[in-house]
Amino acid sequence: MKPKLLIAFLLLPIVVSCQNPNVEYPVIEDLGMVGIMGFDYVDERQVKVTMTLSPTREEEKEKVQQGTSTVEVPHQAVLEMSTISEKILSLAQLRILLFSEEYAAKVGIWETIEHLYRDPNVGANVFVAVISGSAEEALSLPYEDKPEINVYLNELLTPRIAVAFNPFTTIHDFIYRLTDNISDPTTPYLEVINENSLKITRVALFKGDKFISTISPEEAKLVEALKKRRNIPDMSISLNEGVTTLRFVKTRILIETNGDLQNLTISTNLFVNGSVIDYEGHKKLDTLQNQVELEQKVSEQLNEQLRKVIKHFQELEIDPIGLGEKVKVRNSSNWTKENWNKVLKDAKIKTNVKVTIVSPGTIS
């Protein structure tokens with residue numbers, strides 16, 4: 001007998017003996033795939049974790065298992081729920097981490113994300129979101145006429161043009177923003193609407209890993225434009241004569257700075273080519289003069305919105321846009337995010353939005 005075959009033959013009884021006949025080894029049908037983990041505040045050490053399991057059999061499609069436990073680290077919740085479930089729980093299909101506003105503000109979410117990020121079964125593309133109120137209550141509602149909660153919430157947070165104002169943050173995105181020494185993380189902010197649906201209503205702002213404020217969808221669209229997001233959704237601009245809805249066709253960003261940390265100035269320029277898809281004003285847009293007047297009014301309105309949102313960021317001492325990129329190039333030695341945020345607070349920032357209408361829409 002060949003040496004390799006002899007060794008394999010001798011080891012076979014040992015391998016077989018390691019399979020304890022009293023232990024039930026799982027098959028795929030016996031695994032409980034955790035789809036969503038929700039986190040609610042208890043105190044500084046403990047967190048209430050709610051988990052939903054993705055249905056695995058056709059007959060279970062209408063039945064979503066859910067469990068809640070109070071623990072210190074996320075994997076404790078998995079172990080506790082495994083003891084009361086007929087399934088062996090796995091995080092291999094985890095898709096969403098949902099943090100209550102209270103938990104994200106008081107405790108922060110980095111420690112939880114770090115624990116899960118260490119698990120090789122947890123992917124880097126798990127979505128991260130903040131919800132108003134209780135995560136447990138939001139995951140427990142029936143949501144009639146909607147898909148089961150794992151599918152419903154995953155589809156809601158999947159990137160699409162209608163909600164392109166939201167940053168579609170994953171675990172990877174959050175960690176990158178938290179550790180890149182310039183910018184700060186943002187996530188979608190969800191609310192329960194009429195106890196029958198979930199909606200992305202705002203964008204959550206973080207200082208470090210703690211939730212501190214939100215911005216509106218219209219403000220977030222300008223932020224995403226400055227972050228060079230290609231697909232920006234349509235924007236409605238309220239003017240004295242009515243509402244104008246603009247479709248972004250092309251955007252160009254120019255950010256300039258003197259780089260002087262003692263007397264920092266930053267010029268933020270956003271150039272937008274857009275088409276009018278809805279207009280409630282009384283002027284006809286079939287003349288060049290009226291188009292130019294509308295361009296000026298829309299530019300002024302968007303510029304004021306951008307000025308206010310950047311001022312808000314300065315007051316919070318955060319940089320979700322990443323304005324510090326060009327500043328860091330000139331001040332790379334001894335650069336820290338903490339120092340940058342303090343410099344940003346006192347920086348003189350000028351904003352300029354220039355809108356060019358490339359199509360006035362259908363003219364009646």
Side-chain angles (χ1 to χ4, degrees), residues 34-41 44 47 49 51 71-78 90-131 135 153-154 156-159 164-190 200 202-215 220 223-224 226-229 313 316-325 327-328 332 335-341 344:
V34 178
I36 304 171
M37 297 183 77
F39 302 87
D40 288 305
Y41 179 80
E44 292 300 317
V47 56
V49 180
M51 294 184 294
V71 296
E72 293 187 9
V73 295
H75 284 88
Q76 275 185 288
V78 177
S90 169
L91 297 180
Q93 294 297 319
L94 182 64
R95 292 291 177 262
I96 298 156
L97 302 181
L98 188 64
F99 296 91
S100 72
E101 178 180 330
E102 183 182 21
Y103 182 80
K106 290 183 176 179
V107 179
I109 69 176
W110 163 244
E111 188 172 336
T112 298
I113 287 178
E114 184 182 26
H115 279 297
L116 293 169
Y117 198 60
R118 290 174 179 170
D119 189 334
N121 289 322
V122 177
N125 291 324
V126 175
F127 289 120
V128 179
V130 172
I131 189 162
L153 197 49
N154 187 64
L156 184 66
L157 295 174
T158 298
F165 65 86
N166 107 64
F168 307 113
T169 307
T170 63
I171 286 181
H172 173 80
D173 297 328
F174 192 92
I175 293 174
Y176 175 79
R177 288 282 181 179
L178 187 65
T179 59
D180 75 345
N181 281 332
I182 296 174
S183 58
D184 294 278
T186 58
T187 71
Y189 183 88
L190 300 162
I200 303 172
R202 300 180 71 82
V203 169
L205 305 177
F206 284 76
K207 186 175 180 63
D209 73 327
K210 290 188 175 182
F211 167 83
I212 55 171
S213 187
T214 63
I215 55 175
V223 170
E224 292 303 311
L226 287 177
K227 288 163 63 176
K228 301 180 181 179
R229 174 73 67 84
F313 294 160
L316 297 174
E317 297 185 24
I318 60 173
D319 183 14
I321 298 173
L323 295 174
E325 287 185 10
V327 182
K328 184 181 178 182
S332 56
W335 177 277
T336 66
K337 181 178 284 189
E338 291 75 16
N339 289 340
W340 162 236
N341 288 336
L344 177 65

- Heavy-atom closest pair (W340 atom, I182 atom, distance to 0.1 Å) is CD1-O, 3.5 Å
- Item | Nearest-0.5 Å distance that lies between atom CG in L178 and atom CG in D173 | 12.5 Å
- Which distance, rounded to the nearest 0.5 Å, do you find between the CG of N121 and the CG of L91? 7.0 Å
- Quick one: are L157 and P188 in side-chain contact, heavy atoms under 4.5 Å? yes
- Dump the intermediate steps for side chain to side chain contact (heavy atoms under 4.5 Å, CB included) on L116 and V126, then the final yes or no. CA-CA 10 Å; L116 293 169; V126 175; over 6 Å; no
- Query: Between N154 and I96, does a side chain to side chain contact (heavy atoms under 4.5 Å, CB included) hold up when you go through it step by step?
  - Reply: CA-CA 7 Å; N154 187 64; I96 298 156; 4.1 Å; yes
- Message: Are the side chains of W110 and I175 in contact, using a 4.5 Å heavy-atom criterion?
- Response: yes
- Message: Pair D209, E114 - check side chain to side chain contact (heavy atoms under 4.5 Å, CB included), show working.
- Response: CA-CA 11 Å; D209 73 327; E114 184 182 26; over 6 Å; no
- T158 OG1 to R95 CZ distance, which is reported to the nearest 0.5 Å: 10.0 Å
- Task: Determine the sole option in D180, N181, T186 for which the side-chain hydrogen bond (donor to acceptor under 3.5 Å, both in side chains) test with S183 is passed.
- Result: D180
- Query: What closest approach, in Å, do A104 and V130 show between heavy atoms, and which atom pair accounts for it?
  - Reply: CB-CG2, 4.4 Å
- Query: If only atom types and distance count, is the side chain of D184 paired as donor or acceptor with the main-chain N or O of P320 below 3.5 Å?
  - Reply: no
- Message: What's the separation between atom CG in L97 and atom CD1 in I109, rounded to the nearest 0.5 Å?
- Response: 8.0 Å
- Item | Validation row: F313, L323 side chains within 4.5 angstrom (heavy atoms) | no
- Query: Aromatic rings Y189 and F211: how do their planes relate, parallel, tilted or perpendicular, breaks at 30° and 60°?
  - Reply: parallel
- Item | More than 12 heavy atoms from other groups under 6.0 Å of CD on E111 | no
- Message: Which heavy atom of H115 sits nearest to which heavy atom of P74, and what is that distance?
- Response: CB-CD, 3.9 Å
- Any D40 side-chain heavy atom under 4.5 Å of V47 side chain: no
- Message: Tell me the closest heavy-atom pair linking K207 and E317, and the distance in Å.
- Response: NZ-O, 2.9 Å
- Query: Can you name the closest pair of heavy atoms from Y117 and H172 and give their distance?
  - Reply: OH-ND1, 4.5 Å
- Query: Is the closest side-chain heavy-atom distance between L344 and V327 below 4.5 Å?
  - Reply: no
- Rounded distance [0.5 Å steps], OG in S213 versus CG in L205: 5.0 Å
- What is the distance from atom CD1 of I215 to atom CZ of R202, rounded to the nearest 0.5 Å? 8.0 Å
- Sub-4.5 Å side-chain heavy-atom contact between V49 and F39: yes
- Check V122 against I171 and note the closest heavy-atom contact, atom names and distance. CG1-CD1, 4.2 Å
- Between V107 and F99, does a side chain to side chain contact (heavy atoms under 4.5 Å, CB included) hold up when you go through it step by step? CA-CA 11 Å; V107 179; F99 296 91; over 6 Å; no
